[in-house]
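The shown structure was predicted, so the numbers you read here are calculated from the model rather than taken from an experiment. Below, each value reflects all heavy atoms present in this structure, side chains not excepted, and no hydrogens, waters or symmetry copies.
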Amino acid sequence: MKRFNLSMLFFVVLAFAKAYTVQAQQDFTGIAHYQSKMTMKQSEDSTQMAKLEPAMREMIEEAMKKAGEAEFTLKFNRTESLYEKVKKLAAPKKPVNGMSMTIEMSGNGDTYGTTYKDLTAQTFLREDNIQGKEFLVTDKIEKLDWKVTGETKMIGKYTAMKATYTFPKEEKEQSEEESTSLLNMVDDKEHVVTAWFTMDIPISNGPGIYQGLPGLILELNEGEITILCNKIEMNPEGFEIKKPRKGKEISTEKFNKLRDKKAKEMRERFKSGSGGVFIETH
């Protein structure tokens, strides 16, 4: 009788442990905190910046640098996530010759827009805007063909592995007026993204649109932008993920076409023989 009771007790303990493990996996949640920065690298053959007065050139470069500095959070569980910018009060701008400039890296499609991802359905929602009009970009998550290099490094207390992805190069002709876009003053090189992910946190997720690796992305290098995770809260209290809902629903393809159309219209309005600069931040 005692032997039977002991066997039953052992069975109950195992069943409880298994049930607890399954529940813990379902309740696996976290908040990753990221900081971004931008490093401006001018193209050697860029002549547009050289045409500007030194004070104006300095003001534009400083505004671009500030635009790339931001804080973000990624709320995640095993099947969904919400990536959004931490809102802060803007600091007063120091005028240069009576002028000041602010560049807002709104949306940006990759790492700046508020983005919700459903990893089960492989879909995303992203809040974005075109010249102040709000849109909710809704589409399938693009599968990224990551190449894991085997290189490792420590990021905080986590062991991170390196992976790279090269976007297909878009072939398009650049008109004379398009060359005055500020973002076209930097090097137009092959678009390679480098990610450092950790399998210590086994979720296939990361900043913005990025995911698809066997662990959380802790660092992302995309062109002049670097995004680094500096804190992770595991299973925080009051955890909640809310889908973004602001803006008119639109597909990625239609949004990109509309954005390019509006940018072209704006370039036409700015086009003149005075060598003015058109600032574009998508």
Side-chain angles (χ1 to χ4, degrees), residues 28-39 68-86 105-128 136-153 155-156 158-170 189-232 241 243-244 252 255-256 281-282:
F28 183 90
T29 63
I31 303 176
H33 298 257
Y34 295 88
Q35 284 189 324
S36 72
K37 66 178 181 179
M38 174 184 283
T39 304
E69 294 175 353
E71 295 181 11
F72 301 86
T73 58
L74 176 70
K75 294 180 179 179
F76 60 84
N77 57 34
R78 292 188 182 277
T79 61
E80 59 179 347
S81 66
L82 179 67
Y83 180 76
E84 55 188 344
K85 186 177 180 179
V86 177
M105 301 291 280
S106 174
N108 197 46
D110 295 339
T111 53
Y112 275 83
T114 296
T115 305
Y116 168 85
K117 295 199 290 281
D118 183 333
L119 299 181
T120 301
Q122 284 293 290
T123 57
F124 74 87
L125 303 171
R126 189 186 76 242
E127 290 181 354
D128 214 326
L136 185 63
V137 183
T138 307
D139 221 322
K140 286 285 187 181
I141 295 175
E142 181 182 358
K143 185 178 180 181
L144 304 179
D145 186 20
W146 292 103
K147 305 296 183 186
V148 180
T149 68
E151 186 179 345
T152 63
K153 70 176 182 179
I155 298 180
Y158 299 101
T159 300
M161 297 183 67
K162 183 180 180 180
T164 61
Y165 172 71
T166 303
F167 279 90
K169 195 172 181 66
E170 294 183 7
K189 295 181 178 180
E190 195 173 50
H191 191 175
V192 179
V193 177
T194 300
W196 293 87
F197 67 97
T198 180
M199 295 181 68
D200 296 339
I201 303 177
I203 63 155
S204 182
N205 221 323
I209 65 168
Y210 295 104
Q211 47 81 51
L213 289 163
L216 179 66
I217 296 174
L218 300 181
E219 181 180 330
L220 195 74
N221 301 293
E222 181 185 13
E224 285 75 38
I225 300 292
T226 296
I227 298 177
L228 180 65
C229 180
N230 56 21
K231 179 184 176 183
I232 299 176
I241 290 178
K243 295 182 181 181
T252 303
F255 177 85
N256 289 342
T281 61
H282 62 260

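The ring-ring contact (aromatic ring centres under 6.0 Å, His included) check on Tyr165 picks up Phe167, with sequence neighbours excluded. With sequence neighbours left out, Lys143 forms a side-chain hydrogen bond (donor to acceptor under 3.5 Å, both in side chains) with no residue at all. Applying the ring-ring contact (aromatic ring centres under 6.0 Å, His included) test to Tyr158 and every residue at least two apart in sequence or in another chain returns nothing.
Within 6.0 Å of NZ on Lys243 lie no more than 12 heavy atoms contributed by other residues, nucleotides or ligands.
Exactly one residue among Asp128, Thr138, Asp139 makes a side chain to side chain donor-acceptor pair (under 3.5 Å) with Thr252. That residue is Asp139.
Rounded to the nearest 0.5 angstrom, Leu228 CG and Ile155 CD1 are separated by 6.0 Å. Atom CZ of Phe76 is separated from atom CG of Leu119 by 11.5 Å, given to the nearest 0.5 angstrom. Taking CG from Leu74 and CD1 from Ile203, the interatomic distance works out to 6.0 Å, rounded to the nearest 0.5 Å. The structure places CH2 of Trp196 at 13.0 Å from CD1 of Ile217, a figure rounded to the nearest 0.5 Å. Distance NZ/Lys117 to CG/Leu82: 9.5 Å, rounded to 0.5 Å. Expressed to the nearest 0.5 Å, how far OH of Tyr34 lies from CG of Leu220 amounts to 8.5 Å.
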**OP:** Check the pair Lys85, Thr114 against side chain to side chain contact (heavy atoms under 4.5 Å, CB included), reporting the backbone distance first and the verdict last.
**Re:** CA-CA 7 Å; Lys85 186 177 180 179; Thr114 296; 5.8 Å; no
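In this structure, Arg126 and Leu136 have side chains that are not in contact, with every pair of non-hydrogen atoms separated by 4.5 Å or more. Leu213 places a side-chain heavy atom less than 4.5 Å from the side chain of Val148. Side-chain contact check for Ile209 versus Tyr83: every heavy-atom pair is 4.5 Å or farther apart.
No donor-acceptor pair under 3.5 Å is formed between the side chain of Thr115 and the backbone N or O of Gly208.
The two residues Glu142 and Gln211 have their closest heavy-atom pair at O-NE2, 3.6 Å. The two atoms that bring Leu216 and Ile232 nearest to each other are CD2-CD1, 4.0 Å, heavy atoms only. Taking each heavy atom of Val193 and Glu222 in turn, the nearest pair found is CG2-CG, 3.9 Å. Lys162 approaches Thr164 most closely through the heavy-atom pair CE-CG2, 4.2 Å. Heavy-atom minimum distance, Pro202 versus Arg78: O-NH1, 4.0 Å. Looking at every heavy atom in both residues, Glu80 comes nearest to Tyr116 through OE1-OH, 2.6 Å.
No side-chain donor from either of Asn77 and Thr29 sits under 3.5 Å from a side-chain acceptor of the other.
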